[in-house]
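Read the structure below first, then the notes.
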Amino acid sequence: MTTGLLIGSSILKILFVLIVTVGAFAPILIWAERRQSAMIQDRLGPSRAAIVLPPGAVSMLDRARLPLWRLAALTGIVAIVALIAVTFVAIKGSNPLPVSTATLTWSLVGFGLASVLLRTGYGVHTIIVGNQGRIMLIGLLHPLADAIKFIFKEDFVPPKSDQLLFSAGPIIALIPAIAAFAVIPFAGVMYLDHLSEVLPRTGELSGAAIPMQVASINVGILFIFAIASTGIIGAAVAGYASDNKYSLLGGIRAASQMVSYEVVIGLTLVPAFMLYASLRLEDMAMWQHEHMWGIFVPPLTLGAINFFVASVAETKRVPFDLPEGESELVGGYLTEYSGMKFGMFFMGEFVEVVSLAAIASVLFLGGWDVPFLYRDGFEFSVPFVEASYAVPLQHWLVIVIQVLFFLLKIIVLIWFQLMIRWSLPRFRYDQLMSLCWKGLLPVSLLNIGIMGAFMLSGWADGWVAFFEKLF
Amino acid sequence: MAVEVKVIKKPGRTVAEQVYLPEIAKGISFAAGRFFKNTFGPKAKKEIATVKYPEEKVEYPERFRGIHRLTQRVDGSPRCVACLCCSTACPAQCIHIEPEEYEPDDPRYGYERYPSVFVIDELRCIFCGYCVEACPCDAIRMDTGMHMPPSTRREHFLYDKETLLSIPGQDGTYLTANPRHEPGDPTHPGVDRERGH
């Protein structure tokens, strides 16, 4: 692979990761969290933020209503006529019409799509006009309004605080959360020269092979641990530098909680390394692609639950949000922060949720693996019967499906985390610590032994073989 | 006499509760059911209590006291006979009435008066409904179901007779359901001009 290709693809991948995490997931999460809680509590949630069009625009839009409707109807009629013609040709077997079959097919697809799009546009248009020119987008504009507010708020620094550390805190908290995404693979290997071909299912291919992750390093998951522990410093520094006793106590709480759960996270993942025999996340995803999803291996099921609990605690969210208990610590280490600095902590928390969901999905849910999707396309098979139905797909389509499915897994995990956030009451601090040191830690240590026994006894191979036969 | 002691066992936790995970699952499934019902469910099954205020409005109950109106007779003139009962009953003293006699050739002359000026200061009104209770002729009512239209000028809240007459009730009518007997009407329960008072 040439250096230019390496640099170019790396930049593209970094951009993709940034857009997915900071650009899309974090703002949508901020919205979804409030909206979801509202729905659980029979409220409507945020839906009032709006972009207001100038008064003249509404009447102008209103005048465009009839032409838009006519255009949608016209394209729809053309599409229906084309559909009838295509059906006629298909039934008859030959084409007596003055238009060629290819033109008919393309006009069917083109006019059909155009009609659907125009119809959608007409619906959106009706909503906007009905709202007197206010574009509301089911409340999706609230994060935008929040961001604008954060940016233009006064950037207050407490006079006796440590100015440098006070400003460094949010940066130290935000950067590691994003950086953890560097080693997460979001699709299988992409072969640049074969994008529009149907690849063979196995075997090496010629040409440039681009791993679909920003950095493919041999310590993989250890890098994530290292980076995640840097996040602790952010909270601790913020608490220390604020010159506020509540902040200091919150920072200490955050630091001790994160350090404790860091240990648990590390130990819960040891069985996973033992099974996958690698520290690279792409190898783990590949193993699960070839054999089975990790969560269906019995010791790893327990490991997945442990990891999930520990990761919620690691992100300091409900029911483990002790560092910011209002009744005890005001806002914890966030007390003195306002404006965009607070926004960065906020953002960092949400990006951390996304990245931990991504790690969990790579380790236990197969990462980019889609059931029945192989490198050459779908192949649906029925267990114990020699029947299968294959749908060959081009390489770029396979990659796109894998990326989308990976994002879907992340969304499901995040949804579950938010569900937990709105359902469970919070722990007491000593309960939090005893859950970690007396509950999760012994269980995950025991789990390492169980995994070892499982593998040494040969049951692991048998289990995997049984599963492979099943699917 | 021996004291009977009934030992009540302290309600403990079952194993399922102590393990905590099944209870979590129960709680989350309840919340998730709520979420799915309110997000993706059919509109009739949603239980969202919030109202998008300017676009949607909750209907007021029938007896809601909105802004006042003066009811009309069949010929369009006010039913008010300028007896000053409402302005006397008004605790906020927001009703100003100037009574006047009918012309001598009017059939109502000598029986009733009419208000030449009838002004209600809606900003001063406390919407207690005493004027409606006091009125012997069912001439003033608060069944419009409307708020005061907002304005930036104080004068706009002084509702004069014409304005009050032009506000319909909640059912859209300017009259009332109670019949009004005009002088000379055969159904009039009182005396008429020929027989004298």
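Just so it is clear: chains get the letters A, B, ... in the order the sequence lines come, proteins before strands, and each one is counted from 1.
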> Do A:Asp62 and A:Ser59 have side-chain atoms, one donor and one acceptor, less than 3.5 Å apart?
Replying inline: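 There is no such pair (donor and acceptor under 3.5 Å, judged by atom type) between the side chains of A:Asp62 and A:Ser59.
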> Side chains of B:Asp75 and B:Ser77: do they bring a donor and an acceptor to under 3.5 Å?
Replying inline: yes
>> I need the residue from B:Lys37, B:Lys46, B:Glu47 with the largest number of non-hydrogen atom pairs under 4.5 Å to chain A.
In response: B:Glu47
>> Shorter than 4.5 Å, heavy atoms on both sides: which option in B:Ala32, B:Gly33, B:Gly27 has the most such pairs with chain A?
In response: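 Most heavy-atom pairs within the cutoff with chain A belong to B:Ala32.
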Could you tell me which portion of [X] (side chain, backbone, both or neither) has an atom closer than 4.5 angstrom to a non-hydrogen atom of chain B?
X: A:Leu424; answer: side chain
X: A:Arg48; answer: side chain
X: A:Arg134; answer: side chain

> Do A:Glu328 and A:Arg253 sit within salt-bridge range, that is, some charged N less than 4.0 Å from a carboxylate O?
Replying inline: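 The answer is yes: the pair qualifies as a salt bridge.
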>> Less than 4.0 angstrom from a charged side-chain N to a carboxylate O is my criterion; do B:Asp143 and B:Arg69 meet it?
In response: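 Judged by the 4.0 Å cut-off on N to carboxylate O distance, B:Asp143 and B:Arg69 do form a salt bridge.
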>> Can you tell me how the ring of B:His147 sits relative to the ring of B:Tyr60, calling it parallel under 30°, perpendicular over 60° and tilted otherwise?
In response: perpendicular
> Heavy-atom distance under 4.5 Å to chain A: side chain of B:Phe40, backbone, both or neither?
Replying inline: neither
> At a heavy-atom separation under 4.5 Å, does B:Phe36 approach chain A through its side chain, its backbone, both, or neither?
Replying inline: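 B:Phe36 touches chain A through side-chain heavy atoms alone.
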> Do B:Asp160 and B:Thr163 pass the side-chain contact (heavy atoms from CB on, under 4.5 Å) test, and can you show the C-alpha distance, the side-chain angles, and the key distance before you say yes or no?
Replying inline: CA-CA 5 Å; B:Asp160 59 1; B:Thr163 315; 2.4 Å; yes
